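Read the structure below first, then the notes.
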Amino acid sequence: MEQFRIEVANEGKGYFFNITATGDQQFEISNEASERIGTIKIDDQDHEHCETLDCQIDLPLLNSIREGILLHYKLIKQ
């Protein structure tokens with residue numbers, strides 16, 4: 001399983017999250033204390049669309065996390 005860390009901004013504050021790729025475009029999201037706070041599944045066909053599974057995160061922050069994950073993969077493919 002691939003793991004990486006992202007920093008996202010929401011409402012003027014910065015947040016760090018640990019991301020674990022679990023396969024099939026699903027990613028577990030953990031906070032800085034390594035507490036799992038949800039899972040996101042990114043749509044391969046439409047990256048603007050994602051599905052949340054048991055997330056405890058509000059939508060604007062979740063969108064920032066999704067963008068951070070997509071940026072991570074864009075940067076490592078270069």
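What you see is a predicted model; the values in this text were computed from it and never measured.
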Can you list the residues that meet the side chain to side chain contact (heavy atoms under 4.5 Å, CB included) rule with [X], with sequence neighbours excluded?
| X | answer |
| --- | --- |
| Arg5 | Phe16, Asn18, Glu32 |
| Ala21 | Glu2, Phe27, Tyr73 |
| Glu35 | Asn31, Ala33 |

Look up atom [atom1] in [X] and atom [atom2] in [Y], then write down how far apart they are to the nearest 0.5 Å.
| X | Y | atom1 | atom2 | value |
| --- | --- | --- | --- | --- |
| Asn10 | Asp58 | CG | CG | 6.0 Å |
| Gln26 | Lys41 | CD | NZ | 5.5 Å |
| Ile65 | Phe17 | CD1 | CZ | 4.0 Å |
| His72 | Ile6 | NE2 | CD1 | 9.5 Å |
| Gln25 | Ile40 | CD | CD1 | 10.5 Å |

Judged by atom type as modelled, is there a donor-acceptor pair below 3.5 Å linking the side chain of Ser64 to the main-chain atoms of Pro60?
-> yes
Please identify each residue that fulfils side-chain hydrogen bond (donor to acceptor under 3.5 Å, both in side chains) with Thr22, with sequence neighbours left out.
-> none
Do the side chains of Ile29 and Thr39 get nearer than 4.5 Å, heavy atoms only?
-> no
Derivation and outcome, side chain to side chain donor-acceptor pair (under 3.5 Å), residues Gln3 and Thr20 | CA-CA 4 Å; Gln3 293 183 311; Thr20 303; 3.2 Å; yes
Return yes when atom CD of Glu7 has more than 12 non-hydrogen atoms of other residues, nucleotides or ligands closer than 6.0 Å, and no otherwise.
-> yes
Please test Phe4 against Ile69 for side chain to side chain contact (heavy atoms under 4.5 Å, CB included), starting from the C-alpha separation and ending with a verdict.
-> CA-CA 9 Å; Phe4 56 96; Ile69 291 169; 4.3 Å; yes
Apart from Leu71 itself, residues in the same hydrophobic cluster as defined by side-chain heavy atoms under 4.5 Å | Leu75
Which heavy atom in Leu62 sits nearest to a heavy atom in Ile57, and how many Å separate them?
-> N-CG2, 3.7 Å
